[in-house]
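Next up is a structure, given as structure tokens.
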Protein chains: 2
Amino acid sequence: MIKRVTLADVARQAGVSMQTVSRAVRDKDDISTETRERIMAIVNELGYRPSGIARSLVTQRTTTVGLMVPDIANPFFSEIARGVEDTAYAHAYSLFLCNAAEDIEREKAALNSLLEKQVDGVIICSPRLPMTDLFAYLEQFYYAVVFNRDLSEDIDKVRLIYVDDQEGTRLAWDHFVQLGHQKIGMLAGPVQSWSSQQRVASFRAACTSAGLDGCLELIEHCMPTIAGGLEGTERLLSDHPEITAILAFNDLVAIGALRGCQNLGRRVPQDIEIIGSDDIPLASLMTPPLTSLHVPHRTLGVTVMQSLIQLLNGEKPDPYRIIFHPELTLRCSAP
Amino acid sequence: MIKRVTLADVARQAGVSMQTVSRAVRDKDDISTETRERIMAIVNELGYRPSGIARSLVTQRTTTVGLMVPDIANPFFSEIARGVEDTAYAHAYSLFLCNAAEDIEREKAALNSLLEKQVDGVIICSPRLPMTDLFAYLEQFYYAVVFNRDLSEDIDKVRLIYVDDQEGTRLAWDHFVQLGHQKIGMLAGPVQSWSSQQRVASFRAACTSAGLDGCLELIEHCMPTIAGGLEGTERLLSDHPEITAILAFNDLVAIGALRGCQNLGRRVPQDIEIIGSDDIPLASLMTPPLTSLHVPHRTLGVTVMQSLIQLLNGEKPDPYRIIFHPELTLRCSAP
DNA sequence: CTGTTAGCGCCTTCAT
DNA sequence: ATGAAGGCGCTAACAG
């Protein structure tokens with residue numbers, strides 16, 4: 001391993017104390033312009049780089065944050081990650097990326113690792129982690145922003161940002177009803193997901209209040225992927241061929257549903273209509289283009305990181321919850 | 001800021017030296033089972049977590065690697081990132097994610113930051129960074145894997161992994177020629193991109209050797225995005241309406257081209273045929289499904305990280321260059 | 001098997 | 001404006 005150039009090396013070469021070099025490097029003002037320039041010349045000559053590790057040990061800050069997502073290959077999360085990274089960069093924070101990969105043990109391992117890395121703050125997009133575990137972790141992090149799930153209790157150093165899934169579900173439901181549908185099915189995503197639970201609750205309430213109790217049986221859980229949507233659709237339609245409309249957990253599931261319908265010879269939107277969720281770039285590119293519940297993904301990422309930065313700066317961001325409202329973007333799959 | 005529990009705290013409580021606690025925590029074997037258990041009980045009770053920072057300062061290792069990509073929101077790179085993260089996790093490394101965002105200054109800033117963070121190794125996907133800058137950085141990192149670009153000089157601590165773009169271009173070209181095309185255009189991506197340069201070179205060579213010198217004028221550079229493909233197609237087809245086939249820099253550009261053709265009333269594949277590159281999941285979902293040069297994205301990510309891990313382990317991965325060969329996956333846009 | 005000593009590279013505090 | 005002393009939390013190397 002190459003020997004690092006240290007403050008001491010620069011100090012020796014410059015004939016000053018380490019302290020003076022440190023001041024020059026950090027651009028502090030109680031130092032003469034002349035010495036500063038002389039020192040910086042030597043810094044460049046020697047190729048000195050301050051050790052972030054040593055610095056962090058003493059300052060107890062790492063200028064580092066963690067981002068935990070279920071799957072970075074999912075366009076919804078990669079867009080969010082992009083927003084987070086852009087904002088982190090703008091504020092000189094580095095970003096640890098962790099992928100839960102639908103595996104709770106792995107998720108815990110990743111959070112433990114973030115804790116050991118001593119991130120200054122963390123963003124947790126974790127629809128599955130049991131609430132007690134989540135609370136246990138939140139307690140240990142300095143600051144945290146939790147994305148897309150609500151907590152039963154407000155914690156001072158935490159902020160919440162989520163999409164109002166109940167509202168989204170209602171919007172989609174109302175649209176279907178307005179189009180005259182009576183047999184509306186739901187591909188509800190993973191059972192343990194908070195977001196899924198919200199939607200199911202909202203869907204159930206809508207069924208009952210619309211007097212369409214038959215739809216209560218038309219809820220099918222599935223993986224939040226194209227394959228999951230495909231399988232879910234096949235199960236749903238083979239059990240309930242009477243379905244004429246499907247509300248999907250997200251756009252990937254909706255695309256799977258599109259495929260599933262095609263496989264079963266059901267035309268979209270003539271025989272069956274589909275509404276997706278999140279409005280990822282893909283949605284508008286499909287044939288037929290997908291009607292979807294739009295949320296501004298990248299903005300979501302930016303907002304999440306901005307809130308974390310406020311916390312990091314010792315501010316108390318208000319409100320405690322930032323709630324995004326999905327908008328139904330009409331396209332051909334449910335015009 | 002909450003007071004950390006330190007080794008000293010645990011040691012005091014357990015009535016042993018810090019060293020013994022350290023051994024227990026790191027699961028070293030020269031310690032009696034009895035003391036280990038007693039200590040671990042106290043560790044749990046006190047909620048002690050080792051400080052990665054302090055540990056790194058003394059070991060000079062951070063168990064951290066950096067990943068630099070142009071744009072994490074681009075499905076090609078998010079798939080790669082997924083492969084990298086999975087593999088990093090499997091080997092207990094944490095991943096810093098950096099986004100160059102098509103901005104060379106930002107890219108340098110990110111690399112500087114990785115250097116200060118003292119990552120053990122770095123993966124650089126940087127098609128644009130000038131070669132001299134790249135070499136300067138490679139010199140400063142302990143280990144590096146460079147993705148999708150070749151270097152004029154072999155460096156001991158570096159490995160190279162790339163897709164053979166010349167071969168890919170040839171495959172696509174040959175397919176077009178076989179289909180009878182004479183006016184083949186190219187949407188070549190960003191001028192500064194190494195990958196773009198490879199393809200242009202290969203395209204040029206193919207033009208000449210096929211006696212289709214007219215095609216030399218049908219090369220249009222563009223941003224590597226859907227919007228870039230759209231604009232590029234409009235420029236290309238308005239200048240050269242005689243074009244009947246387009247080879248796109250990547251699938252996003254190909255999708256833009258698809259759109260552009262539709263806007264201009266040219267049907268794909270009847271009036272004009274299109275071949276994309278990378279075969280991202282989107283490609284097969286388009287209408288018409290896109291013919292594309294397939295590369296195994298996630299495997300690419302896994303391979304890149306595996307090579308880095310070998311370097312990190314002090315091995316000398318052989319061969320120096322791992323080259324992936326794209327395969328032409330035929331779909332409807334150029335059957 | 002356990003403890004002691006000596007830093008890792010830097011910043012904070014206090015002197016000068 | 002500059003320097004000296006002390007310590008951040010941990011581990012490597014050596015004793016015992």
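So you know, we letter chains A, B, ... as the sequences are listed, proteins then strands, and number each from 1.
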**Message:** Can you see whether B:R49 engages A:Q140 through a side-chain donor-acceptor pair at a distance of less than 3.5 angstrom?
**Reply:** yes

**Request:** With heavy atoms under 4.0 Å as the rule, sort A:L7 into base, sugar-phosphate or nothing.
**Result:** sugar-phosphate

**Item:** Side-chain N or O of B:Q60 closer than 4.0 Å to phosphate OP1/OP2 of C:dG9
**Value:** yes

**Message:** Students often get this wrong, so: under 4.0 angstrom with heavy atoms, is B:R26 touching a base, only sugar-phosphate, or nothing?
**Reply:** sugar-phosphate

**Request:** Could you verify whether a donor N or O on one side chain and an acceptor N or O on the other, from A:Q310 and A:R159, lie under 3.5 Å apart?
**Result:** no

**Message:** Could you tell me how far apart B:E116 (CD) and C:dG9 (C1') are, to the nearest whole angstrom?
**Reply:** 13 Å

**Message:** Please check this pair: side chain of B:S78 against backbone of A:S78, looking for a donor-acceptor N/O pair closer than 3.5 Å.
**Reply:** no

**Prompt:** Reckon B:S32 has a side-chain N or O less than 4.0 Å from the OP1 or OP2 of C:dT2?
**Reply:** yes

**Message:** Under 3.5 Å, is there a donor on one side chain and an acceptor on the other for A:S51 and A:R55?
**Reply:** no

**Prompt:** When the distance from CE of A:M18 to C1' of C:dG9 is rounded to whole Å, what number comes out?
**Reply:** 7 Å

**Asked** Any donor-acceptor pair under 3.5 Å linking the side chain of B:D71 with the backbone of B:A73?
**Response** yes

**Message:** Can you list, in residue-number order, the parts of residues 9-17 of chain A that come under 4.0 Å of DNA chain D, counting heavy atoms only?
**Reply:** A:V16, A:S17

**Request:** For the residue pair A:S113 and B:S94, confirm or rule out a side-chain donor-acceptor distance under 3.5 Å.
**Result:** yes

**Prompt:** Using the C1' atoms of five pairs at each end, what's the angle between the two axes of the helix from C:dC1-D:dG16 to C:dT16-D:dA1, to 10 degrees?
**Reply:** 30°

**Asked** More 5' along DNA chain D: B:R23 or B:S51, using each one's nearest nucleotide?
**Response** B:S51

**Prompt:** Taking the side chain of A:S22 as heavy atoms from C-beta outward, which of C:dC10, C:dC11, C:dG3 is closest to it?
**Reply:** C:dC11

**Request:** Please report, rounded to the nearest Å, how far the P atom of C:dC11 is from the CD1 atom of A:I31.
**Result:** 13 Å

**Asked** Taking the six-membered ring for Trp, are A:Y162 and A:F147 ring centroids under 6.0 Å apart?
**Response** no

**Sugar-phosphate, base or nothing in reach of B:S56, heavy atoms under 4.0 Å** = nothing

**Asked** With nearest nucleotides of DNA chain C determined for B:Q118 and B:T33 from heavy-atom distances, which residue corresponds to the more 5′ nucleotide?
**Response** B:T33

**For chain B, the stretch of DNA chain D it reaches, first to last nucleotide, under 4.0 Å of its heavy atoms** = D:dG9 to D:dA13

**Rounded distance in Å - CG (A:L57) to C1' (C:dT12)** = 13 Å

**Request:** Determine, for A:R321 against A:D154, whether the closest basic-nitrogen to carboxylate-oxygen distance falls under 4.0 angstrom.
**Result:** yes

**Request:** Go through B:Q13 and B:E45 one step at a time and tell me if the side chain to side chain contact (heavy atoms under 4.5 Å, CB included) criterion holds.
**Result:** CA-CA 11 Å; B:Q13 183 88 358; B:E45 182 193 337; 4.1 Å; yes

**Request:** Report yes or no: is the cationic atom of B:R106 (NZ for Lys, CZ for Arg) under 6.0 Å from the centre of the six-membered ring of A:Y89, at an angle within 45° of the ring normal?
**Result:** yes

**A:E102/A:R128 ion pair, N-O < 4.0 Å** = yes

**Asked** Can you tell me if B:K117 and A:T62 form a side-chain donor-acceptor pair at under 3.5 Å?
**Response** no

